[in-house]
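Below is one structure; the comments refer to it alone.
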Amino acid sequence: MGDTALEAVLRRDRAVVTAALVVIAVLAWAYVLWLSVDMVMPGDSAGGDMAGMDMSNMDMSTTDTGSMDMGAAVAPAFRTWASADFAFIFTMWAVMMVGMMTPSVAPMLLLYAGVGRKARADGRPIAATGWFFAGYLAVWIVFSALATGAQWLLARLALLDPSMATDSAILGGLVLIAAGLYQWTPMKGVCLRQCQAPIAFLASHGGFRSAPLGALRLGIEHGVYCLGCCWALMALLFVGGVMNLLWIAGIAILVLLEKTVPTGQVIPRVSGLFMVVIGVWLIFRAL
């Protein structure tokens with residue numbers, strides 16, 4: 001295959017992968033948008049109906065008479081979740097993670113697809129890009145399960161309001177401070193460097209894999225670095241609201257900027273300092 005023909009095929013493959021990633025991200029964001037809108041715009045029943053589930057009723061306990069306890073209005077008591085509640089919240093987190101993280105992993109996937117096409121042309125094929133992406137997403141699916149558990153615990157402790165944001169300014173401030181301090185840690189720096197430099201990551205992990213399971217493991221390894229880079233930022237969803245669309249978009253944009261803008265540690269450290277300042281302000285205002 002001539003160089004011109006190969007370049008044309010590589011461009012086509014990158015276009016196909018880009019289109020697929022855009023479709024995946026758009027579908028995920030459309031789902032999150034639908035949940036967010038459905039949550040803030042009540043349906044026919046009293047209270048917001050989200051995907052057929054009355055979130056207010058799911059969160060708030062009632063007295064024997066069926067009316068809400070006045071104390072619950074200040075510190076709501078959360079009933080035990082049913083299995084359907086866990087499944088719904090887990091799905092919400094999983095789709096949200098796909099929507100937030102797909103744009104930031106796109107450079108790595110495009111590199112993988114381009115190298116994969118060239119390797120096939122040279123007679124040394126590597127595993128399909130989908131295997132790598134599946135491994136990457138698997139890490140965030142596991143994180144979604146952990147986030148679901150954290151949300152259940154916060155609900156049981158009556159620390160979340162019906163919008164799934166913490167109703168404790170002190171807790172919110174502590175989460176902001178912790179996330180801000182993590183932005184300055186060596187662990188954050190190590191993980192971020194692996195995410196910012198796809199070629200360096202591949203070089204330090206043995207390069208591309210020809211076997212599907214090898215590509216899957218490589219995707220998991222990259223996903224673990226990404227999780228180490230971003231888990232504290234995802235914890236901020238409990239501060240601004242798990243279904244606050246602007247808050248979700250803001251965190252997703254920060255993640256994307258950290259990974260793609262060549263400023264080294266500048267963006268995480270500036271954002272971390274800002275988080276600490278806001279967190280301290282929230283705590284002092286609540287005291």
Enumerate, atom names and distances included, each donor-acceptor pair closer than 3.5 Å involving a side-chain atom of residues 136-147, sequence neighbours excluded.
unit_1, atom_1, unit_2, atom_2, d
S144, OG, A94, N, 3.4
S144, OG, W140, O, 2.8

- Message: Within the supplied structure, the quantity of interest is the number of heavy atoms (other residues, nucleotides, ligands) at a distance under 6.0 Å from L273 CG; does it exceed 12?
- Response: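 Count over threshold, so yes.
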- Message: Using 0.5 Å steps for rounding, measure from the OG1 atom of T148 to the CD1 atom of I89.
- Response: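 CD1 of I89 is found 7.0 Å from OG1 of T148.
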- Task: Would you name the heavy atoms of V239 and G172 that are closest together and state the gap between them?
- Result: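 Closest approach of V239 to G172, heavy atoms only: CG2-O, 3.9 Å.
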- Closest non-hydrogen atom pair, I251 against L233: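 For I251 versus L233, the nearest heavy atoms are CD1-O, 3.6 Å.
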- Within the distance-only criterion (no hydrogens, no angle test), does the side chain of Q196 pair as donor or acceptor with the backbone N or O of G264 below 3.5 angstrom?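 Pair found, side chain donor or acceptor close to backbone of G264.
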- Query: Does G207 offer a backbone N or O that forms a donor-acceptor pair with the side chain of R209 under 3.5 Å?
  - Reply: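 At least one qualifying donor-acceptor pair exists.
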Suppose clustering is done on Ile, Leu, Val, Met, Phe, Trp and Tyr with side-chain heavy atoms closer than 4.5 Å. Which residues sit in the same group as [X]?
X: V266; value: V270
X: L246; value: none
X: L174; value: I170, I177, L181, V276, V280, I283, F284, L287

- Partner set under ring-ring contact (aromatic ring centres under 6.0 Å, His included) for F90, not counting sequence neighbours: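 F90 satisfies ring-ring contact (aromatic ring centres under 6.0 Å, His included) with no other residue.
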Hey, quick one: are [X] and [Y] part of the same hydrophobic cluster, counting side-chain heavy atoms closer than 4.5 Å, chains of contacts allowed?
X: V277; Y: W247; answer: no
X: F274; Y: L176; answer: yes
X: M234; Y: W184; answer: no
X: L171; Y: L282; answer: yes

- Can you name the side-chain hydrogen bond (donor to acceptor under 3.5 Å, both in side chains) partners of T166, sequence neighbours left out?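 Residues passing side-chain hydrogen bond (donor to acceptor under 3.5 Å, both in side chains) with T166: none at all.
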- Candidate pair W93 and F238, rule ring-ring contact (aromatic ring centres under 6.0 Å, His included), full reasoning: CA-CA 12 Å; W93 273 99; F238 290 116; 5.5 Å; yes
- Task: Scan for salt bridge (Lys or Arg N to Asp or Glu O under 4.0 Å) pairs involving residues 130-151, sequence neighbours excluded, and state none if there are none.
- Result: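 Output for this query is empty, none listed.
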- Item | Sequence neighbours excluded, every pair satisfying salt bridge (Lys or Arg N to Asp or Glu O under 4.0 Å) that has a member inside residues 169-194 |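 Residue pairs passing salt bridge (Lys or Arg N to Asp or Glu O under 4.0 Å), neighbours aside: K188-E258.
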For residues 95-114, please give each side-chain donor-acceptor pair under 3.5 Å, one per line with the distance, not counting sequence neighbours.
unit_1, atom_1, unit_2, atom_2, d
T102, OG1, V98, O, 2.6
S104, OG, M101, O, 2.9
S104, OG, K259, NZ, 3.4
Y112, OH, A127, O, 2.8

- Message: Does any part of the side chain of I267, heavy atoms only, come nearer than 4.5 Å to the side chain of L254, both counted from C-beta?
- Response: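 Sidechains of I267 and L254: in contact.
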- Message: Run the side chain to side chain contact (heavy atoms under 4.5 Å, CB included) test against A235 and tell me which residues pass, sequence neighbours left out.
- Response: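 A235 satisfies side chain to side chain contact (heavy atoms under 4.5 Å, CB included) with V175 only.
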Side chains of residues 211-231: which donor-acceptor pairs under 3.5 Å do they make with residues two or more places apart or in other chains?
unit_1, atom_1, unit_2, atom_2, d
W231, NE1, Y182, OH, 3.3

- Task: Quick one: which residue pairs count as a side chain to side chain donor-acceptor pair (under 3.5 Å) with a foot in residues 270-287, not counting sequence neighbours?
- Result: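 Non-adjacent pairs meeting side chain to side chain donor-acceptor pair (under 3.5 Å): Q183-S271.
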